[in-house]
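Scroll down for the structure; my scribbles are underneath it.
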There are 2 protein chains.
Amino acid sequence: MIPKSTSPTIDDVAREAGVSISTVSRVLNRNVPVSDKVASKVEAAIRALRYTPRAAARNLATSRTSTLGLLLAEIVGDFFSPLLRGVESVAREHGYDLLISTAGRRGPQKELPGPFGKHNADGLLVFAGSLTDEGVRDTYSFGVPMVLLHQSSPQDLTIPCVTIENKAATRAIVEHLITKHNRRKILFLTGEPYNEDGYWREMGYREALARHDLPIEPELIAPGHFDRHIAQASIEQALREKIQFDAVFAGDDEAAVGVYAALRAANLNIPRDVSVVGFDDQGLAQVLQPALTTVHVPIEQVGIEAARCLIQLIQTGTAEPLTLLPTTLVIRSSCGCLEPSL
Amino acid sequence: MIPKSTSPTIDDVAREAGVSISTVSRVLNRNVPVSDKVASKVEAAIRALRYTPRAAARNLATSRTSTLGLLLAEIVGDFFSPLLRGVESVAREHGYDLLISTAGRRGPQKELPGPFGKHNADGLLVFAGSLTDEGVRDTYSFGVPMVLLHQSSPQDLTIPCVTIENKAATRAIVEHLITKHNRRKILFLTGEPYNEDGYWREMGYREALARHDLPIEPELIAPGHFDRHIAQASIEQALREKIQFDAVFAGDDEAAVGVYAALRAANLNIPRDVSVVGFDDQGLAQVLQPALTTVHVPIEQVGIEAARCLIQLIQTGTAEPLTLLPTTLVIRSSCGCLEPSL
DNA sequence: CTGTTAGCGCCTTCAT
DNA sequence: ATGAAGGCGCTAACAG
């Protein structure tokens, strides 16, 4: 049980088994036929020596790393765990390791983060906000297989992208407010700047209003940034400025938390005085009181699809250019529809 | 901008700069003095060729990977993102990559997960529930530097451990229920089996009762598993069996969500009829209505300390055997203390 | 300060 | 089916 100072190599195994290292390599990789007798001898030697192949040597020899890289903006929020869970499960299933790195609070980067070299992974999963367009271009020009998440490919390139349906779902939930609950002055909280999800949600909002001949009031569009505090501040300000509104599309569920807080502080009842709806449905929505009407996003599935897409790209050289995952309206109580809470 | 078929190696750079590969290696690593003139020539060549050293070759030559491995049980819950955020930031800061793997729903493993070989990382961060004691022993016996998180070292080994203070905090919050709110029949929801956090919380609960001469009633101890549905079921059953209780220690905040749901369904008021308290304080506690009195756990800090500990272990061969991070009582409304909500 | 050389551990033709 | 040998790209003595 005393830690060995130096771990055994393929040569040790070969010697122990009385065969050549190529034979050991063959039983390790199961690529080429090996006689059963020899194979079991080798396997015994491997077990006896507790041998594990060294990844670095293998990588060098094959120029593959069996590793996927995941680039994230920041590790925060309900969004992140399911996404990673999806990616990790697929990676493991296909024999890939998973390397993670974030842009952190420095914002999107123009280059791959330091330790995360171009040769550490066979391919990259790039989440929105981790790399600038320039960074994507640069990385792509090295020939690194990559898949974009919640971010579309730069114009002239064709980098596969996996994302979710934002516009139609937002239009649907806003139309629900209009048609079922007769709301007319719907406050829209935006996403983070440059965030494509937020952009399409705003398009959906605009379409919904247009369909019902409602005007787009600039004063009804305020920053939400998918952040509860920013959302809260925006609602407080709208209240202070006596802007009239009878409903709020919060941008996402996290922002809805701030909306709830601001409305409650102003003694406004949800949904009687103001309807509130969100986007994401990752557990928070069910906890809020009243339960939040929102749009369900299959985030784990995004991770799964993205990982599959990348692996296919690595292995075959091509992949589906665009995977758009469906989102679904989840009616609870905060819009005004009744439902037993939680 | 057309992806190069084969990326440049150190030899290409050497040729381009008109020096030997060792010189290139030297300016790459900045270990050994190099004349400024030569250095800038080399740097120019590196830029011209857009050269990036291949990690695998480096790893093989140095027998180091500059990579930290993180082993998790499952990627779920509020716990996970802050932990990873802490680990990732420290790793990046010190020039380490981060490799992630989970035991998944198969439960704790007896060996390191497949793709995640013993030589892929310079050291391992092992979170409770990812590896059995046997697995820890086995991995340790290979001489892999490792740090345990929320899990203590096997008896005879001395593997550094980073965890949080559970017992005193639980005792404090339970005593708060007893002394400030005059609660006498406090239902305790356990953690997951074999989870040490849960074990120590139960010890704290028992100590608190003992200090106030309250009996330990077996019927007041029920499964919570840090899971909202299991917790909800336990409360519903207690209610059905007409077990008397005037307070609930939920085990953690996630379980408290289930407790709220069950009590609300039974038309019981929190905190008037029943006080509820949790553990974790990762955002959920503030969202619940009434706001949850709980214990704040510095999870990101756990990640930070653990990563630091592992890096020190890797670089110096020794590290603090035990890091116990303090937790703090956070009084909100669900115990009965008044506070403006959210 | 710089060049030469010998591995690091494994895979992979090429023979046999 | 198996063995021999070259090479993957880089670092680290060792000379000079």
Side-chain angles (χ1 to χ4, degrees), chain A residues 4-43 45-46 49-67 95 115 117-122 142, chain B residues 4-43 45-46 49-67 95 115 117-122 142:
Chain A
K4 302 251 299 205
S5 51
T6 177
S7 49
T9 72
I10 198 171
D11 299 274
D12 298 322
V13 177
R15 203 174 310 119
E16 171 86 14
V19 299
S20 74
I21 62 168
S22 356
T23 302
V24 177
S25 174
R26 281 167 193 135
V27 349
L28 244 31
N29 297 308
R30 302 229 152 277
N31 291 330
V32 175
V34 178
S35 80
D36 286 358
K37 275 173 38 185
V38 176
S40 55
K41 261 201 314 187
V42 171
E43 277 157 2
I46 289 177
L49 270 49
R50 308 214 304 162
Y51 165 74
T52 318
R54 193 138 319 186
R58 227 167 193 172
N59 297 347
L60 183 56
T62 59
S63 63
R64 290 182 301 99
T65 62
S66 298
T67 297
K118 290 167 193 63
H119 304 297
N120 286 283
D122 294 344
F142 279 97
Chain B
K4 301 251 298 204
S5 52
T6 176
S7 49
T9 72
I10 197 169
D11 299 273
D12 299 323
V13 177
R15 201 174 314 117
E16 172 87 14
V19 299
S20 74
I21 62 168
S22 6
T23 301
V24 176
S25 174
R26 281 166 193 136
V27 349
L28 244 32
N29 298 307
R30 304 230 151 277
N31 291 328
V32 176
V34 177
S35 79
D36 286 359
K37 274 173 42 186
V38 176
S40 54
K41 259 202 314 188
V42 171
E43 278 156 2
I46 289 177
L49 270 48
R50 307 216 305 164
Y51 164 75
T52 318
R54 194 140 318 189
R58 225 167 197 171
N59 296 347
L60 183 57
T62 59
S63 64
R64 291 182 299 100
T65 62
S66 299
T67 297
K118 291 168 191 64
H119 306 296
N120 286 285
D122 295 343
F142 279 98

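By convention in this document, chain letters (A, B, ...) are assigned in the order of the sequence lines, proteins followed by strands, and residues within each chain are numbered from 1. Just the heavy atoms: all of them, side chains too, but no hydrogens, waters or symmetry mates, feed the values below. Owing to the predicted nature of the structure, the values given are computational and were not obtained by experimental measurement.
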Side chain of B:Thr9 - closest among D:dT11, C:dT2, D:dG9: D:dG9

Length of the CZ-C1' vector between A:Arg30 and D:dA1, whole Å: 14 Å

Whole-Å gap separating C1' (C:dC11) and CG (B:Leu60): 12 Å

Proximal nucleotide (of C:dT2, D:dC10, D:dA1) relative to the B:Ile10 side chain: D:dC10

Sugar-phosphate only, base, or nothing, as touched by B:Val24 at under 4.0 Å among non-hydrogen atoms: nothing

Heavy-atom check, side chain of B:Asp12 versus side chain of B:Arg15, under 4.5 Å: yes

Minimum heavy-atom distance B:Ala17-B:Ala45, with the two atoms named: CB-CB, 3.8 Å

Non-hydrogen side-chain atoms of A:Arg26 and A:Ile21 separated by less than 4.5 Å: no

N or O in side chain of A:Ser20 less than 4.0 angstrom from D:dG3 OP1/OP2: yes

N or O in side chain of B:Asn31 less than 4.0 angstrom from D:dT11 OP1/OP2: no

Separation of atom CD1 in B:Ile21 from atom P in D:dA13, rounded to whole Å: 15 Å

Sugar-phosphate only, base, or nothing, as touched by A:Val19 at under 4.0 Å among non-hydrogen atoms: sugar-phosphate

N or O in side chain of A:Ser25 less than 4.0 angstrom from C:dC10 OP1/OP2: no

Short side-chain N/O contact from A:Asn29 to OP1 or OP2 of C:dC11, under 4.0 Å: yes

Distance in angstrom units between B:Arg58 CZ and C:dG9 P, rounded: 18 Å

Spacing between B:Arg26 atom CZ and D:dA12 atom P, to the nearest angstrom: 11 Å

Non-hydrogen side-chain atoms of B:Thr67 and B:Asn120 separated by less than 4.5 Å: no

Whether B:Asp122 side chain and B:Thr65 backbone form a donor-acceptor pair below 3.5 Å: yes

Comparing A:Ala56 and A:Arg64 on DNA chain C - which has the more 5′ nearest nucleotide: A:Ala56

A:Thr62 side chain, from C-beta outward: closest of C:dG9, C:dT12, D:dT11: C:dT12

Integer-rounded Å distance: D:dA1 C1' and A:Lys41 NZ: 13 Å

Any donor-acceptor N/O pair under 3.5 Å between D:dA4 base and A:Ser22 side chain: yes

Whole-Å gap separating P (D:dA4) and CZ (A:Arg15): 13 Å

Selection from D:dT11, D:dT2, D:dA5 that lies nearest to any side-chain heavy atom of A:Ser35: D:dT2

B:Arg54 side-chain N/O to D:dC10 phosphate OP1/OP2 under 4.0 Å: no

Out of D:dA12, D:dT11, D:dG3, whichever nucleotide has its closest atom nearest the side chain of A:Thr23: D:dG3

Nearest-Å distance for atom pair CG/C1', residues B:Asn59 and C:dC8: 11 Å

Given C:dG9, C:dT2, D:dT11, the nucleotide with the shortest approach to the side chain of A:Ala57: C:dG9

Residues B:Lys37, B:Val42; criterion side chain to side chain contact (heavy atoms under 4.5 Å, CB included); working and verdict: CA-CA 9 Å; B:Lys37 274 173 42 186; B:Val42 171; over 6 Å; no

